[in-house]
2 protein chains.
Amino acid sequence: MKTKKKLSPKQERMLEFIRGFMAENGLPPTVRDIQYACGISSTSVVDYNLRLLQRDGFLRRRPDVARGIELLDKEGRSAGFLPQIPVMGYIAAGEPLPGPSNDGWTQEPIETVELPRHMADSKKNLYALRVKGTSMIDALIDDGDLVLVEPTHDVRNGDMTVAWLKLEQEATLKRIYREGSRVRLQPANSQMEPIYTDASNVETRGRVVAVLRTL
Amino acid sequence: MKTKKKLSPKQERMLEFIRGFMAENGLPPTVRDIQYACGISSTSVVDYNLRLLQRDGFLRRRPDVARGIELLDKEGRSAGFLPQIPVMGYIAAGEPLPGPSNDGWTQEPIETVELPRHMADSKKNLYALRVKGTSMIDALIDDGDLVLVEPTHDVRNGDMTVAWLKLEQEATLKRIYREGSRVRLQPANSQMEPIYTDASNVETRGRVVAVLRTL
DNA sequence: CTTGCCCTAGAACATAAGTTCAAAGGTGAA
DNA sequence: TTCACCTTTGAACTTATGTTCTAGGGCAAG
């Protein structure tokens with residue numbers, strides 16, 4: 001997407017500075033920070049141009065709030081801090097691993113990651129699991145990959161799901177297919193056999209919405 | 001990693017609030033924001049506990065700066081804003097695509113993404129490309145995935161690289177193998193043939209360091 | 001009990017930082 | 001020129017916000 005509106009050189013410079021300042025300092029600049037950095041003679045000029053930038057949708061200002069500048073991206077969403085996604089543990093993609101408590105991964109996260117905004121969506125309460133094993137290799141998920149999970153019980157046939165086997169007290173990462181009163185948990189690895197079990201024995205803990213891999 | 005030091009319930013709550021506030025509002029809270037949110041009776045109590053939290057390495061404070069709180073992660077690094085990584089265009093993982101200018105992807109990014117900090121490393125000047133085609137399918141990279149590229153000429157045999165074919169004026173994503181004066185560009189797809197070309201015709205534009213996929 | 005230490009109170013203070021105003025300068029259209 | 005309209009100035013004003021101070025409460029060790 002191109003620039004949504006032509007800006008004066010001064011406004012370009014201000015935006016550029018604000019972005020840099022936030023990346024460097026972790027908080028928005030003050031009006032006077034902008035003034036000095038951009039060589040502007042008066043705070044009122046900064047205020048004036050901030051007003052214009054706000055009018056044109058590049059940022060939002062909170063009245064009477066120190067450093068109350070919020071940058072907006074092209075879609076008008078806030079470009080501020082990212083949610084920290086907890087990595088709640090390991091998920092067996094090979095043999096099922098004993099899952100922690102009966103209530104999912106309610107304990108301490110083993111680490112946390114920040115996510116690209118287009119993956120995050122703070123409303124969804126995502127969490128992450130690190131994959132052990134290669135049962136999902138044909139779905140392009142490798143051992144060590146991080147899978148992002150949206151906790152929901154509303155999964156459809158074929159969705160990649162975190163499945164909790166009640167009897168076995170184990171969790172596993174598989175594609176799910178409901179077949180009558182039975183459930184088929186299908187690994188994406190041609191060398192592995194699906195797991196069949198009674199529908200009442202399976203609790204879907206979530207659906208995989210993204211994959212991250214560091215080489 | 002466990003908690004690096006035991007905190008009072010009040011301090012736990014303060015940290016929790018600060019994190020939430022920053023994620024929600026895009027800037028750090030004021031002392032009084034913390035006071036009201038955590039039901040603390042006096043700003044001086046907040047100040048006192050902030051001092052302790054700083055002493056114990058959970059945050060840093062900038063003196064005399066409004067909202068000058070900076071959260072630190074377990075490694076003591078700033079947990080502030082993330083670098084915006086530009087997505088410079090598409091990379092052919094099937095047939096080579098005509099690459100843009102002769103100087104790599106120097107034009108406008110088609111979009112930008114924010115990255116998990118452990119992937120980012122602001123020093124490395126990373127950029128991203130969106131994958132077209134399925135030539136790297138066996139390397140678990142699918143059509144539509146986002147590959148993170150570290151711009152470097154220092155690539156080793158077998159590295160997944162962004163290769164620029166000078167004669168053809170095309171760029172492609174392949175594993176690279178130098179074989180004498182010749183170079184083999186190997187797709188990770190058993191149904192595709194490698195590309196052989198003279199070493200002088202290949203310029204390595206970078207090395208893939210991470211993969212992101214949204215389902 | 002007394003002492004020391006950690007924590008809490010409440011207020012006051014100092015200043016960082018957003019906002020406003022009246023006047024003037026620039027510029028292009030009519 | 002004259003008239004709009006946008007932009008700049010410099011200063012003053014208001015208040016949001018960090019900081020400091022003094023006093024006191026709670027509690028465990030001695």
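Because the structure is a prediction, the values reported are computed rather than measured. Naming: A, B, ... by sequence-line order, numbering from 1 per chain.
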Under-4.0 Å side-chain N/O to phosphate OP1/OP2 contact, A:Lys10 with D:dT7: no

Phosphate-side-chain proximity, B:Arg61 and D:dT19, N/O vs OP1/OP2 below 4.0 Å: yes

Whole angstrom value for the distance that separates [atom2] of [N] from [atom1] of [X]:
| X | N | atom1 | atom2 | result |
| --- | --- | --- | --- | --- |
| A:Arg32 | D:dT17 | CZ | C1' | 14 Å |
| A:Leu53 | D:dC6 | CG | P | 16 Å |
| A:Gln35 | D:dG10 | CD | C1' | 11 Å |

Donor + acceptor pair across side chains of B:Asp154, B:Thr152 (<3.5 Å): no

Can you name the residues that form a side-chain hydrogen bond (donor to acceptor under 3.5 Å, both in side chains) with [X], not counting sequence neighbours?
| X | answer |
| --- | --- |
| A:Arg62 | A:Glu70, B:Asn25 |
| B:Thr43 | none |
| B:Arg32 | none |
| A:Asn49 | A:Gln11 |

Partners passing ring-ring contact (aromatic ring centres under 6.0 Å, His included) against A:Tyr48 (at least two apart in sequence or in another chain): none

Touch class at under 4.0 angstrom, heavy-atom based, for B:Leu52 against every strand present: sugar-phosphate

Cut-off 3.5 Å, no hydrogens considered: what does the side-chain donor-acceptor table look like for residues 34-42 of chain B, sequence neighbours left out?
{"residue": "B:Gln35", "atom": "NE2", "partner": "B:Ser41", "partner atom": "O", "Å": "3.2"}
{"residue": "B:Ser42", "atom": "OG", "partner": "B:Ser44", "partner atom": "N", "Å": "3.1"}
{"residue": "B:Ser42", "atom": "OG", "partner": "B:Ser44", "partner atom": "OG", "Å": "2.9"}

Counterpart residues, side chain to side chain contact (heavy atoms under 4.5 Å, CB included), relative to A:Gln54 (two or more places apart): A:Leu59, A:Arg60, A:Arg61

Qualifying residues under side chain to side chain contact (heavy atoms under 4.5 Å, CB included), relative to A:Asn201, sequence neighbours excluded: A:Leu165, A:Lys166, A:Leu167, A:Glu168, A:Thr197

Residues which pass salt bridge (charged side-chain N to carboxylate O under 4.0 Å, His left out) with A:Arg178, listed by chain and number, not counting sequence neighbours: none

Overall bend - the helix from C:dC1-D:dG30 to C:dA30-D:dT1, comparing terminal axes fitted on five pairs, nearest 10 degrees: 20°

Residue met sooner reading DNA chain C from 5', once A:Arg67 and B:Ile40 are mapped to nucleotides: B:Ile40

Close side-chain approach of B:Val147 and B:Met160, heavy atoms under 4.5 Å: no

Sorted by number, the residues of residues 42-49 of chain B with heavy-atom contact under 4.0 Å to DNA chain D: B:Thr43, B:Ser44, B:Asp47

Where chain B begins and ends its contact with DNA chain C, read 5' to 3' at 4.0 Å from heavy atoms: C:dC6 to C:dA17

